Asker: 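Have a look at this one before I ask anything.
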Amino acid sequence: MINWLAAKMGLPTNSTGSSRERTSEQTRARKPHSLATRSNSDFNTVVDSNSHSKRRMSDDDVDEIAFSITAQPRKRGRPPKVKSMDSSASESSKKSSVVRNATTTSTPASAPLARNARSTTAKRSAPSSPTSGSPLRSARNARTVYTRRPAAQENQSPSSVRTIPLRKRQHVATDGADCLVDGAGEDALQVALEHTGAFDNAEGEETVRHEIVCAPSRLGRVIRRRGSRTVSPPTQSTKDMPHLIRVKNEEMIESQDTVVGTSDPKEQEYIASANKERAGANLIENRAEEKSSASSSREFPAAVDKPSVQPAAYELRISVPESAMPETPTPKVEESITTTRTSISATSMDKIKRRVLAQLHGKLPVPIVGIDDAYKKVYKLLEQTVLAPTLDIALGSSGLDSASSLLSSTKFHGGNSALLLGPRASGKSLIISTALAELERKYRGQFITVRLSGLAQTDDKQALQEIAAQIEYGRRALDDDDSLYVDLDDEASEDPTKMRYKRQSSRVVLERLLSLFSGRAGVRDDNDEPSSNQQSQMQQPVVSVLIILDEFEQFATMQNRQTLLYNLLDVAQSPRYSLKTDNPAPNICIIGVSSRMNAPEMLEKRVRSRFSHRVIVLPHAGDLESFWKVCSSSLKVTSAPTIAMMRAMMNARRYKMVQLKKSEYTIDRRATEVWNSYIDDIYSSSPEIRRLVARAFATSKDPRQVHMRFLSSVRNADQKIPFLAISQIVGREIDVLENAGIMEKVTGLSELSLMLLICAARAEIKYSTMTSVPAISSPPKPGPISNTEGPQETTTERTPTASGRSLTYASQSIVTKMAPISFTIAYEEYLSQAGKTRLAEASAGALITMPFRVWSREQALASWETLERRGLLVNASETLGTSSTGGGIATNEMQVPEIGLMELGEIVKDMPGVTGVVRNWCAHL
Amino acid sequence: MSDLTSDQLQELALEFPARYNQFDLLNSLISKDKTTNPTAIALTGQPSSGKTCVLRRFLREVRFSHTWLSCDECVSLRVLLQRILAALRAIGTEDPNKLDYSIMCHNFTLFVTQLNDVLRALALEEAHFVVLDRIDELGEPYESFYQLVINIGEMLRYDGITFILISSSSEPRSSVTSTFPHIYFPPYRKAESLAILRNQTPGSIRSILGPTDRELSDVQLTSLWSSYCQVIIDTYFPLYGPDIQQLKATAREAFSTYAQPVLDGVVGILPSNRDSQSGFVKLYKINQPLLTSEELVRNSFVSYVQSAGGTGAIGQHDMPIYSKYLLCAAYLASYNKPRYDIRLFSRIRESRRRIRKSTSHKAKDKINGRNLAPSPFEYERLLAIFQCIVPEKIDSATDIQIQFATLATLKLVTRAGSDSSGGSSMDILESRTKWRVNVSWDIILQIARDIKLQLENYLME
């Protein structure tokens with residue numbers, strides 16, 4: 001994308017001619033490609049799947065993405081909640097917008113530019129400030145920007161035009177709103193917002209930055225182009241591919257143009273709010289200017305020099321969360337204020353507490369920190385899948401059905417599957433939910449999400465049913481697009497669940513699914529669209545299906561030999577256009593999420609070959625500072641919630657029919673500043689916290705381990721500046737790792753049990769080399785051949801884990817010749833030890849006040865059973881992997897103590913309430 | 001933001017010694033505000049460390065809406081799932097205790113969907129808590145369910161429900177890596193146990209004592225009880241450890257016997273009296289036999305009856321004589337290796353001569369063979385050994401097979417490989433059956449003495 005932009009905008013300033021040539025060259029190059037036969041083009045991609053062709057591919061992607069954005073359905077009758085979501089989203093990208101605006105306003109490059117800038121500003125602020133130009137005109141202006149594309153399409157021959165019906169509807173709606181000035185203006189604003197949203201995606205970040213760089217020169221060009229286009233509408237011959245692409249390119253530029261303008265109202269709002277502190281506003285502008293100039297001087301040449309190298313773009317470190325945090329651009333401004341403030345008002349403190357607690361409990365997705373690359377990858381993959389059907393239409397509208405389908409199928413069929421691996425609490429679900437929220441914001445109604453969890457769906461049948469149910473649910477949700485968020489508890493959501501209760505045979509479910517995959521069920525019906533009769537005979541747009549498989553390894557260990565995975569991955573990797581059917585299958589994308597690093601190896605061969613081998617691994621934080629950054633991301637708050645957060649909040653409230661008020665979810669910016677700086681401060685100033693974090697980092701690298709410590713102190717947080725009581729953070733052990741383990745089990749034992757355990761450990765050492773477990777070590781003799789083959793077969797059929805486990809068993813039994821101990825052995829040892837102790841007591845004479853009491857065998861057996869229940873004794877047959885000893889007497893059952901004598905001695909040494917006798921027993925063998 | 005004030009917490013802590021931290025944590029972890037609650041909390045700690053009663057008390061104090069389910073009452077997971085859903089459905093209906101079990105829940109998928117539906121129907125304003133008590137004592141393996149519950153937040157579309165898991169065994173290994181809030185209940189120390197045991201009102205002490213001829217004053221009772229508790233703790237803490245429930249049960253059981261001398265007037269305890277200390281010492285001396293014997297802590301009722309009714313250790317095994325021989329033979333077959341059979345049982349002198357000790361492994365102690373598990377033997381071998389140890393000719397009227405079958409039904413002899421999962425490796429139709437004795441050395445020794453058999457002579461050790 002960068003490359004393309006550089007070619008398009010960057011180069012004209014220096015060498016316009018060359019860029020022209022380049023574009024034409026590209027289009028020329030593309031032409032034969034598109035016109036090639038199917039097999040031929042397939043062959044092409046296979047052969048040169050190296051960087052260059054990919055580069056061009058992604059250029060195409062960009063074009064088509066841009067196109068699809070204009071094709072994106074956007075109704076005017078949207079409920080205000082959704083709009084507020086949009087606006088908050090764009091508000092959240094304030095940093096870039098500030099900068100952008102600064103460039104547009106502060107660097108008047110040419111007259112047209114200035115005019116354009118003014119007009120856009122006026123246009124956006126039309127509803128709020130009517131003094132800045134004629135509102136009617138600006139509105140119409142906006143509308144022309146918006147409606148040009150459909151109008152241009154209307155000019156085209158209707159038979160070959162393929163559009164999404166909704167867009168058509170929208171177009172009609174906009175026409176109807178001709179007289180409604182405010183409405184139209186708002187509409188334009190919405191479009192603009194949409195564009196912004198579309199462009200701050202994973203790759204869009206770079207775009208934004210780039211726009212800053214070349215805004216002055218580009219704008220001029222754009223306006224010239226626009227002028228030419230308004231004078232002469234695109235030619236009717238849409239059949240030639242290059243032209244179409246060129247048109248799209250222009251469209252793209254326009255959209256970017258609007259991007260530049262978009263931020264204006266937000267910016268104005270921002271400035272207006274910041275006007276109370278003028279110095280701050282000035283500073284913002286200055287900084288923005290500085291930044292723009294600096295960035296242009298620094299990055300511009302780079303973009304020119306090597307326009308085709310993508311990695312260069314990745315070096316720019318701008319992340320999504322950063323843009324999502326509105327405070328970031330103005331830390332210096334706020335700091336002077338925050339230093340004086342030491343308390344937070346009760347209401348905002350309450351909000352902060354709620355937000356932080358929800359974040360700590362993992363209920364709200366936090367801004368992504370440190371794993372942006374993985375997020376981008378996942379997002380890109382998902383977005384590709386979502387956009388693929390739209391592309392079909394886009395390309396199909398040219399009339400070259402076969403060619404376009406060829407193009408897209410070769411491009412997108414490459415197995416939309418990936419595995420997202422990472423240890424627990426490394427942000428896997430966060431990435432998924434953030435990406436889904438982002439997609440839902442941008443491409444609502446174009447995809448269905450199916451989320452399965454290996455924990456809940458424990459076999460293939462359940463998983464199939466769940467997939468079917470969720471697709472059904474998603475389809476219904478698609479049909480009443482906007483009502484999804486407002487009222488979900490009506491009949492629309494009632495039916496699918498009912499359907500789910502019905503016990504369907506797996507055949508029925510499978511049929512339903514297959515019909516979906518062959519493109520019938522996934523097709524969106526538009527019976528409610530009589531106006532779009534032109535397109536009705538056309539191919540319907542197909543909805544993409546995103547399948548997220550949580551706990552992926554569970555699916556791999558299911559029964560039925562991974563049939564489900566096989567089928568899903570097969571569908572995902574097979575080409576969407578087959579020669580047999582005209583209908584394309586819906587694009588599906590499968591992302592497996594697992595915390596087992598060997599999850600890919602768990603797949604069978606046939607399944608593995610269908611998997612794309614796209615494995616995204618999330619590491620834990622590499623050093624302490626970044627670990628703290630990850631930890632603190634949940635502790636800090638943003639004044640406006642991120643998109644993913646909004647989605648989670650709305651999801652939580654779905655059934656209430658209550659719309660979120662803005663005052664409910666935003667927190668006073670000052671309060672958040674104070675809070676966040678306090679959180680940072682607490683880490684840098686308090687050694688206890690540092691130690692806590694360092695310990696978590698050194699042991700598990702699990703940020704949640706740190707979060708757990710903060711839970712109670714956050715809830716009891718004060719309004720004054722030491723918000724959190726350090727003692728509460730450090731003193732609380734609400735983490736399992738702190739208390740799990742054998743030591744805790746030993747401390748709770750009675751003296752008799754402890755003694756028996758020690759005796760067992762003693763006996764284990766005593767007899768370790770001698771015992772050759774008579775009944776246990778000799779496995780039952782294999783009977784006739786027919787008998788033994790059964791179990792062998794099952795072991796080979798199992799997944800690699802089973803064989804791996806048996807391997808470890810084998811090695812265990814060879815390496816350690818531990819002596820299993822029965823109760824009788826342990827009790828014998830107990831008696832002999834007790835005898836010695838009593839002898840010692842007798843010699844000590846009257847000094848002993850409480851004589852050592854030897855408990856009877858009966859009591860000892862009860863204590864022995866306690867040890868078994870606590871898991872301090874493990875059945876030898878389990879450990880050694882041999883068959884059970886048989887229904888013998890409990891006293892003779894062979895056990896292995898879980899803990900050695902030396903270890904026991906160490907524990908007992910520091911244990912309170914243990915007599916010297918017990919310690920002695922541990923010491924002498 | 002938390003629901004209990006510190007004063008209330010202090011009061012609760014007085015009621016439950018050494019549990020202030022747990023109350024405080026509960027108070028700060030969960031609240032009425034549903035958005036701030038975690039999806040799952042675990043209360044962990046050893047048995048009888050006060051998990052259940054602390055939580056019950058806490059919930060009563062804060063009046064959270066909650067559902068209490070005892071998992072040990074559920075035979076299978078399915079029953080539990082159904083109960084959870086039924087209990088949730090009953091919330092808000094006119095009769096919340098009347099549960100409707102008509103809707104089945106067979107698997108986790110259904111559970112999650114139905115839970116979603118229930119939650120939507122409920123539209124919880126405030127947080128609701130589902131307490132799964134003793135989840136580790138569920139009739140089935142619960143690991144997968146445990147993991148589902150702690151991760152269920154991602155699958156639920158509606159907020160507002162929090163699961164509280166009470167478990168006394170350590171966490172399933174599969175879910176150790178997923179971090180969620182735990183409240184740990186450490187085992188009680190000796191002093192804490194004493195404090196809990198002493199924490200009784202005079203009225204309740206009186207009820208433990210039962211109806212008496214002589215009335216003791218409250219002060220007397222309390223001082224008697226507290227000294228008694230000290231005695232009980234000193235005696236039985238080494239045996240039971242911090243298991244409060246067993247200590248309590250023992251204390252209740254023996255109190256009336258212990259206090260009998262006081263009631264009879266043999267020992268006078270007066271708190272004002274200077275020699276009250278000596279009174280207690282006297283009382284202790286009188287009761288010493290009770291405390292030193294294990295009469296109070298027997299865990300088997302049967303042996304109690306036997307020792308009460310039996311005349312002696314010998315002759316109490318009521319069994320036909322040949323059965324006794326058979327059992328001894330089975331024991332010998334199990335604990336002798338077949339290769340020594342000729343040496344032990346043959347009458348040919350040649351074989352006996354070759355006995356010599358191999359002293360190669362003398363360096364270390366050797367496990368006494370009778371402490372190990374019995375090894376299986378073939379039925380024919382048993383019969384052969386039986387013939388050798390029976391002194392006179394067997395009466396033709398006796399049916400050895402039936403007697404052996406009886407031994408098998410009494411589980412004194414078990415069939416090798418017939419138990420549990422090992423059954424698949426055994427051929428039912430095989431003619432040569434393998435057996436194993438199921439009697440320990442002590443009992444077999446008694447039986448052998450009954451029939452005057454010198455068992456040691458026949459054992460290679």
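A quick note: this is a predicted structure, and the numbers were derived from the prediction, not measured. Each chain gets a letter, A, B and so on, in the order the sequences are listed, and its residues count up from 1. These values consider heavy atoms only, across backbone and side chains, with no hydrogens, waters or symmetry-generated copies.
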Asker: Nearest heavy-atom pair of B/Asn107 and B/Leu81: which atoms, and what distance?
Answerer: O-CD1, 4.2 Å
Asker: Who wins among B/Leu148, B/Leu239, B/Val112 for the most heavy-atom pairs under 4.5 Å with chain A?
Answerer: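 It is B/Leu239.
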Asker: Would A/Ser700 and A/Gln705 count as having a side-chain donor-acceptor pair, cut-off 3.5 Å?
Answerer: yes
Asker: Could you tell me which portion of B/Pro187 (side chain, backbone, both or neither) has an atom closer than 4.5 angstrom to a non-hydrogen atom of chain A?
Answerer: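 The side chain, not the backbone.
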Asker: Counting only non-hydrogen atoms closer than 4.5 Å, does A/Ala425 touch chain B with its backbone (N, CA, C, O), its side chain (CB onward), both, or neither?
Answerer: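 When you check distances to chain B, no heavy atom of A/Ala425 falls under 4.5 Å.
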Asker: Most heavy-atom pairs under 4.5 angstrom with chain B, which of A/Arg853, A/Arg870, A/Gln359?
Answerer: A/Arg853
Asker: Verify the distance criterion only: is there a donor paired with an acceptor across the side chains of B/Glu143 and B/Gln147 at less than 3.5 Å?
Answerer: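 No, no side-chain donor-acceptor contact under 3.5 Å.
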Asker: Under 4.5 Å from any heavy atom of chain B, what part of A/Ser856 do you find: side chain, backbone, both or neither?
Answerer: both
Asker: Please answer whether the main-chain N or O of B/Pro242 pairs with a side-chain N or O of B/Ser193 as donor and acceptor at a distance below 3.5 Å.
Answerer: no
Asker: For A/Tyr827, which residues count as a ring pair (Phe, Tyr, Trp, His ring centres under 6.0 Å) partner, sequence neighbours excluded?
Answerer: A/Phe823, A/Tyr830
Asker: Within the 3.5 Å criterion, strictly below it, is a donor on B/Ser178 or B/Ser175 matched to an acceptor on the partner's side chain?
Answerer: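 Checked: B/Ser178/B/Ser175 side chains show no N/O donor-acceptor pair below 3.5 Å.
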Asker: Report which part of A/Asp459 has an atom under 4.5 Å of a heavy atom belonging to chain B: side chain, backbone, both, or neither.
Answerer: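 Nothing of A/Asp459, per the 4.5 Å heavy-atom cut-off to chain B.
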Asker: What part of B/Phe237 gets within 4.5 angstrom of chain A, counting heavy atoms only: side chain, backbone, both, or neither?
Answerer: backbone
Asker: Determine whether A/Arg857 and A/Leu861 satisfy the following criterion, side-chain contact (heavy atoms from CB on, under 4.5 Å), listing intermediate values before the conclusion.
Answerer: CA-CA 6 Å; A/Arg857 187 188 161 91; A/Leu861 189 56; 5.7 Å; no
Asker: Give a yes or no on whether the backbone of B/Ser169 and the side-chain of B/Asp136 come within a donor-acceptor separation of less than 3.5 Å.
Answerer: yes
Asker: Need one label for B/Asn116: side chain, backbone, both or neither, based on atoms under 4.5 Å from any heavy atom in chain A.
Answerer: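 Answer is neither: B/Asn116 stays 4.5 Å or more from chain A.
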Asker: Regarding B/Tyr146 and B/Glu171, is there a side-chain donor-to-acceptor distance under 3.5 Å anywhere?
Answerer: yes
Asker: Could you look at B/Glu154 and say if it's the side chain, the backbone, both or neither that has a heavy atom under 4.5 Å from chain A?
Answerer: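 B/Glu154 touches chain A through side-chain heavy atoms alone.
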Asker: Under 4.5 Å from any heavy atom of chain B, what part of A/Arg704 do you find: side chain, backbone, both or neither?
Answerer: both
Asker: Please rank B/Ser168, B/Ser49, B/Gly241, B/Ala121 by heavy-atom pairs under 4.5 Å with chain A and give me the top one.
Answerer: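 So the answer, after comparing B/Ser168, B/Ser49, B/Gly241, B/Ala121, is B/Gly241.
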Asker: Quick one: which of A/Ser453, A/Ala456, A/Ser429 has the most heavy-atom pairs under 4.5 Å with chain B, could you say?
Answerer: A/Ala456
Asker: Quick check on A/Glu828 against chain B: is it the side chain, the backbone, both or neither that has a heavy atom closer than 4.5 Å?
Answerer: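 A/Glu828 touches chain B through side-chain heavy atoms alone.
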